[in-house]
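Written below as C-alpha cells is the structure these notes are about.
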Amino acid sequence: MKNAEIAAAFGQFADILEIKGADAFRVNAYRRVSRILEGLGVDVTDLVESGELRDIPGIGEGSASRIEEFLETGEMSALTEARASIPKGLLELLAIPGLGPKTIGLLWTELDVKSLSRLKRALRGKKILELPGMGKKKVENLRAGVVAYESRTGRLHLGAALPIARAIVDVLADMKEAGDVELAGSLRRYRETIGDIDILVSSSRPGPIIRAFTELPQVEEVLAAGSTKASVRVSGAVQVDLRVVEPRSWGAALVYFTGSKDHNVRLRGLAQEKGMKLNEYALTRGKRTVASKSEEAVYSKLGLQFIPPELREDRGEVEAALDHRLPELLEIADMKGDLHVHSNWSDGHASIEEMVRAAKRRGYRYISINDHTRSLGVAHGLTPARLEAQMEEIDAVNARVKNFTVLKGTEVDILSDGGLDMPDDLLERLDIVVASIHSGFGQSIDRITGRIVSAIENPNVDIIGHPTGRLIGSRQAYAVDLEQVMRAAAEHGTALEINAYPERLDLNAVNVRRAAELGVTIAISTDSHRPEELEWMDVGVRTARRGWLTKKGVLNARPLRSLRSALRSSLVGLD
DNA sequence: GCCGTTTTCGGCCCGACTGTTTTCAGTCG
C-alpha cells in the first residue's frame, strides 16, 4: 500500500512551495491531499484502477495525475524538480517552533541559511538583526525554538498524554472562577498521538485562571500568556494551551478548539453557504447570534446531526451528518467484558482472581484469561500441561465468583512457519483463542500475511491479536496485507482485535473502519498485565468510535450468552 | 490546487498573541 508514501510526498511538496512563497491556498490544497491519503482506508491503487480517485472531494485533476504518475514511475516529476530548487536542509527548519516559512525564506535569501547548523550560526551573529521584522526578542525566541526542537520528544501517545492533561483539568475545575472545564483538541478526539494538550475553560473572570495555569507546579516555561489565552511547557517537554471563554460562547468555542482543523474549515464553509459566520464565539447571521452556548445547538443550526468529537476529521462525517445518517456509535457502557487479559501464570503481574475482581469493579460480566504460550520464553509462556492446570484453576475461580464468568483462553503464538504454538485438541477446549505474532517481524509481506491467514482459517482461533504489531513511536508495523487479512477474517468469522494498549491501538481507527465495511467482527481488548490496565478499554472504545463502529460489530459488547453463540458459529462476521 | 442550483474565474475560515512596528506581518491553532 503506497498511501502513506504518497501522502508524505504531497506533504513535502506543500512544505517546499510554502518556503518558496507560493499561494497559501495552493499549499493548503496539497496538504489536504496529503491528509486525505493518510485517512484513506483503501489502497489508493484500487481507486486509480476503479476510476474513483477524482470523485474524492479535495483531489482534482492535478493531484490525481500526480498520484497516477507516482504509481507508474515511483516518483512525481514536479516534486523532484521542486526538491532540486531549494536546499534540502531547509525543510527540517519548518519544525522549529516560532520559525515559519516566511522567515525561513528570508534567512535563506538574505543570509544563505540552508540548514540547521547554518541557522544556529546566523542566530549567534549580528547580521540577522538588520533584517526587516527582526529584533533582539525575536532572535532570542528563535534560539529557544532551536533548543526546544533539538530536545523534542515527538508526539505523545494517549497513555502518556491523558494523565498529564487530566491532572491540569482537575486543578482548574476546582477554581471558583471556573465554569466548565474540558479537554479539547486532538486529545478530545482521541487521536492515537497528540502534539500538544488543549484545555478550554468557561469563565467571566479569565485573569485568575490564566494566572493559576501559568503558576502550576509542573510548568517549566511560560511560552505565552495573554488575557484569555496562555501556553506553557510542562515536564516532559509537552506544550499545554489554555483558552478561557465567556460561558455564553462555550459551545462555539468547544467546537472550535476540538477541531480538527479540516473539520472546522468544513463547518465554516457550511456556515458561509447558509449566509452565516462561525468563529470561536458564536454562529451568527449578521449581528444576530444564532447559536453559541452548546455544541449541539451549533451543529443543529448548521443543519447537521450532532457529530461526536471522535469523528471530527473531515472523513465524510459532515456529509453523513447533513443526511442524518451518522452511525450510532459504540459507548463504553456497552462493553460487557475483556477478551485478552494476562495473569501471573505468564508475564502478568496479578493473579487470575485479582484480575477478576478488577473486571467486576468495572461492571463487566465476563473476562477471558489469555496467557502467552511456551515459545514466548521471555514471557514465561505456558506449556500445554500448565495451560491445562490453569484451566482447572479457572474452574475453581468460577465456582467462587457470582454473576460473573471467567473464560478460558490463551494468546497463542503464531510461529514463524505459520503453525500455532499449542496443539489443536487443547485449543478446542478453550473459550477464547487469541492468536498473535510475536516473532519473525522481518519476514516478507507474503509470509506474514500467510501466517495470519492460516491462523484465521484455523477453526479454533477466535481473535487475531494486535494484527499489525506496531508500537507507536518505537516499532513499525510488520509488512502485512491487511486487506487480504480482513477479507479472510470476514469469510471465516474470525474477529480482529483493537488492542487498546495505548502504545498499540492496533488495529487503528482507519483500519477498523475498513474492517467493519468488509463485515469483520471486532474485539476490543486491553491486553492488560495489571488490574489497573483494564482502564485502557476507554481508549479502545474511543478508537472504535473513530472507526465509526457501532455496538453491533463488537464481539465483547455482546452479553455472555450471545458471545458464546457467536463463538460457536463460524459466521460471526456475517450476521 | 480545488471548486461551482448564484460562479469555469475568483474566491478559498477566523482570530489571539508576539514583536516589530506607527498600522502590521508572521506564526499558530
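Naming convention: chains lettered A, B, ... in sequence-line order (proteins, then strands); numbering from 1 in each chain. The shown structure was predicted, so the numbers you read here are calculated from the model rather than taken from an experiment.
- Spacing between B:dT27 and B:dT21 at atom P, rounded to whole Å, works out to 15 Å.
- The 5' end of DNA chain B is approached more closely, in terms of each residue's nearest nucleotide, by A:Ile59 than by the other of A:Ile59 and A:Ala224.
- Nucleotide B:dT7 holds its P atom 16 Å from the CD atom of A:Gln272, rounded to whole Å.
- Across the protein-nucleic acid pair, A:Leu270 atom CG and B:dC14 atom C1' stand 16 Å apart, rounded to whole Å.
- If you take CG of A:Leu37 and C1' of B:dC2, they are 15 Å apart, rounded to a whole angstrom.
- Electrostatic pairing of A:Arg514 and A:Glu517 counts as a salt bridge here, judged by a charged N lying under 4.0 Å from a carboxylate O.
- No side-chain heavy atom of A:Val510 sits under 4.5 Å from any side-chain heavy atom of A:Glu38.
- At the heavy-atom level, A:Leu267 lies nowhere under 4.0 Å from the strands shown.
- Comparing the same atom, C1', in B:dC12 and in B:dT20 gives a spacing of 29 Å after rounding to whole Å.
- In this structure, A:Phe25 places its CZ atom 10 Å from P of B:dC14, rounding to the nearest Å.
- Between B:dG10 and B:dG15, the two C1' atoms lie 24 Å apart (nearest whole Å).
- Nucleotide B:dT6 holds its P atom 12 Å from the NZ atom of A:Lys274, rounded to whole Å.
- Within 4.0 Å of A:Ser231, counting heavy atoms only, lies no atom of the nucleic acid at all.
- With both ends at atom C1', the span from B:dT7 to B:dC14 equals 24 Å, rounded to whole Å.
- The pair A:Glu61-A:Arg54 counts as a salt bridge, with a side-chain nitrogen and a carboxylate oxygen less than 4.0 angstrom apart.
- Looking at heavy-atom distances under 4.0 Å, A:Arg32 makes no contact with the nucleic acid at all.
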For nucleotides 19-29 of chain B, 5' to 3', base contacts (B), sugar-phosphate-only contacts (S) and non-contacts (-) with protein non-hydrogen atoms under 4.0 Å give SS-----SSSB
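- Remark: nothing in residues 287-322 of chain A comes within less than 4.0 Å of DNA chain B through any heavy atom.
- We find the CG-CD distance between A:Leu111 and A:Glu130 to be 9.0 Å, quoted to the nearest 0.5 Å.
- Which of B:dA16, B:dC3, B:dG1 sits closest to the side chain of A:Tyr281 comes down to B:dA16.
- Atom-to-atom, CD of A:Glu246 to C1' of B:dG15 comes out at 16 Å; the value is rounded to the nearest Å.
- Annotation: B:dG1 and B:dT5 have their P atoms spaced 22 Å apart (nearest Å).
- Across all strands shown, A:Ala225 has heavy atoms under 4.0 Å from sugar-phosphate atoms exclusively, and none from any base.
- Using atom C1' as the reference point in both B:dC3 and B:dT8, the two lie 9 Å apart (nearest Å).
- Ring planes of A:Tyr299 and A:His263: tilted class, angle from 30 to 60°.
- Note on A:Arg542 versus A:Asp538: salt bridge recorded, some NZ/NE/NH1/NH2 to OD/OE distance being below 4.0 Å.
- Taking a cutoff of 4.0 Å between a charged side-chain nitrogen and a carboxylate oxygen, A:Glu150 and A:Lys120 qualify as a salt bridge.
- A salt bridge links A:Glu483 with A:Arg487: the closest approach of a Lys/Arg side-chain nitrogen to an acidic carboxylate oxygen falls below 4.0 angstrom.
- Note on A:Arg546 versus A:Glu317: no salt bridge recorded, every NZ/NE/NH1/NH2 to OD/OE distance being 4.0 Å or above.
- Ion pairing of A:Arg32 with A:Asp262 is absent here, as no side-chain N (NZ or NE/NH1/NH2) approaches a carboxylate O to less than 4.0 Å.
- The partner of B:dT8, taking Watson-Crick or G-U wobble pairs whose two distances both stay under 3.5 Å, does not exist in any strand shown.
- Going from atom OH of A:Tyr30 over to atom P of B:dC2 covers 7 Å, rounded to whole Å.
- When each of A:Glu328, A:Glu310, A:Glu313 is paired with A:Arg545, the salt bridge (Lys or Arg N to Asp or Glu O under 4.0 Å) condition holds for A:Glu310 and for no other.
- In this structure, A:Ile67 places its CD1 atom 14 Å from P of B:dG1, rounding to the nearest Å.
- Look at A:Thr228 and you'll find a side-chain N or O under 4.0 angstrom from OP1 or OP2 of B:dC17.
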